[in-house]
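Only one structure is covered here, and it is reproduced in the block below.
As the structure is a prediction and not an experimental result, all values here were calculated from the model. Letters A, B, ... are given to chains in the order of the sequence lines, protein chains preceding strands, and every chain is numbered from 1.
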2 protein chains.
Amino acid sequence: MLSKKTKYALHALTHLGQKEERTPVQIQEISEAYGISHKFLENILLELKKAGILGSKKGKGGGYYLIKEPKEISLSKIIRLLDGPIALVPCASLNYYESCVECQDEATCGIHRVMIKVRDEMLKTLDNKNLEDILKE
Amino acid sequence: MLSKKTKYALHALTHLGQKEERTPVQIQEISEAYGISHKFLENILLELKKAGILGSKKGKGGGYYLIKEPKEISLSKIIRLLDGPIALVPCASLNYYESCVECQDEATCGIHRVMIKVRDEMLKTLDNKNLEDILKE
DNA sequence: ATAAAACCTATAAAAAAAGTAGGGTAAGTA
DNA sequence: TACTTACCCTACTTTTTTTATAGGTTTTAT
């Protein structure tokens with residue numbers, strides 16, 4: 001399951017994507033709309049900004065806005081950013097690889113082999129879904 | 001990522017599946033082979049037994065053994081049993097459904113709609129991989 | 001009988017996730 | 001220039017989940 005962090009990020013991105021114009025939206029507007037703690041959401045939006053997904057404007061009338069096309073914002077990207085690895089085991093992760101302590105030999109480990117396949121299929125799914133799909137209709 | 005519980009379960013099932021005969025294997029043999037705490041593994045094997053995947057024999061010479069064909073033991077089944085939902089959000093879960101508190105209307109929620117698709121695709125992947133695949137070669 | 005091993009319930013420790021606090025810094029407005 | 005607004009940053013606390021432990025009970029083989 002996704003963490004609340006990632007879920008909140010999806011809601012925030014959806015909210016920003018639904019706006020006609022890409023004018024800055026204040027944290028408070030989003031936090032109130034979904035009942036998310038202001039400060040918690042602040043951290044999340046900041047991460048999205050650092051990742052180059054959102055832009056921000058300071059001062060009066062400031063806030064956050066999308067700087068990427070919804071189509072360019074894939075689920076895999078958001079999940080990786082806020083939740084970490086897509087793979088089910090560390091030894092099958094592309095971006096967060098770690099060898100498994102309990103595993104004697106990765107080369108002959110059937111779990112490893114199957115989990116690589118699982119990761120590839122999951123990635124195909126998650127790369128293929130983006131913010132535009134969420135906004136549709 | 002899978003919990004250690006699920007990972008250990010996979011190692012244990014693999015271990016049992018590799019045996020030529022389906023004679024009882026003691027917890028200790030498995031826990032030592034993979035460096036898993038004896039007691040922790042005990043709980044896991046017990047769950048697998050209650051789920052009808054393993055059989056057991058008490059007393060001297062006792063232990064656990066597979067009572068299902070490896071082909072019948074899918075990843076989805078093991079993950080659901082030990083880790084819970086496959087879906088990424090509670091409102092998209094088949095077996096562990098819960099409505100999302102921050103969601104005003106599930107019927108019009110784009111996140112919900114997309115996450116149902118994601119779940120379906122993930123399930124296809126995980127239903128389709130089983131212990132036999134892990135044991136192969 | 002005795003030893004070996006699964007079975008069961010409850011609890012504790014550790015780790016991760018979720019949320020809070022408070023101030024710093026930049027930008028806009030008058 | 002002064003004031004306000006809202007982003008930016010760091011650290012900390014609380015809560016929840018995961019991981020592990022403890023101690024006894026029951027069953028079976030020898």
From [options], pick the nucleotide closest to the side chain of [X]?
X	options	value
A:S37	C:dG19, D:dC7, D:dT28	C:dG19
A:Y8	D:dC9, D:dC7, C:dG19	C:dG19
B:K57	D:dA29, C:dG28, C:dT20	D:dA29
B:K4	C:dA27, C:dA18, D:dA20	D:dA20
B:K39	C:dA6, D:dT21, C:dG22	D:dT21
A:S56	D:dA29, C:dC7, D:dC8	D:dC8
B:F40	D:dT5, D:dA20, C:dA6	D:dA20
B:K5	D:dT19, C:dG23, C:dC7	D:dT19

Is the closest basic N to carboxylate O distance between [X] and [Y] below 4.0 Å?
X	Y	value
A:K129	B:E121	yes
B:E47	B:K5	yes
A:E29	A:K19	yes

Exercise. OP1 or OP2 of D:dC8 sitting under 4.0 Å from any side-chain N/O of A:K49?
Worked result: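 For D:dC8, OP1/OP2 do have a side-chain N/O of A:K49 under 4.0 Å.
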Exercise. Hey, is the side chain of A:S3 poking within less than 4.0 Å of OP1 or OP2 on C:dA18, counting only N and O atoms?
Worked result: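 Answer is yes, contact under 4.0 Å.
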Find the distance [X]:[atom1] to [N]:[atom2] and express it as a whole number of Å.
X	N	atom1	atom2	answer
A:I44	D:dC9	CD1	P	16 Å
A:K58	D:dC3	NZ	C1'	17 Å
A:L41	D:dC8	CG	C1'	14 Å
A:I36	C:dT20	CD1	C1'	16 Å
B:L82	D:dT18	CG	P	11 Å
B:L46	D:dT26	CG	P	16 Å
A:K7	C:dG19	NZ	P	11 Å
B:M1	C:dA15	CE	P	16 Å

Exercise. So what does B:I27 touch, heavy atoms closer than 4.0 Å: a base, only the sugar-phosphate, or nothing?
Worked result: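 The answer is sugar-phosphate, as B:I27 gets under 4.0 Å only of primed atoms, P, OP1 or OP2.
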Exercise. So what does B:K50 touch, heavy atoms closer than 4.0 Å: a base, only the sugar-phosphate, or nothing?
Worked result: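 It contacts sugar-phosphate atoms only.
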Exercise. Of A:N43 and B:K60, whose nearest nucleotide on DNA chain C comes first from the 5' end?
Worked result: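 Of the two residues, B:K60 wins.
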For this session: Might you work through the side-chain hydrogen bond (donor to acceptor under 3.5 Å, both in side chains) test for A:H11 and B:E102, ending with a clear yes or no?
Result: CA-CA 9 Å; A:H11 279 294; B:E102 79 280 6; 2.9 Å; yes
For this session: Test for a donor-acceptor pair under 3.5 Å between the base of D:dC8 and the side chain of A:E42, counting only N and O atoms.
Result: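 Flag set: donor-acceptor pair detected.
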Exercise. Do A:S74 and A:D127 have a side chain donor and acceptor closer than 3.5 Å?
Worked result: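 No - no donor-acceptor pair under 3.5 Å links their side chains.
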For this session: Determine, stepwise, if the pair A:K136 / A:D133 fulfils salt bridge (Lys or Arg N to Asp or Glu O under 4.0 Å).
Result: CA-CA 5 Å; A:K136 257 177 212 164; A:D133 296 321; 3.0 Å; yes
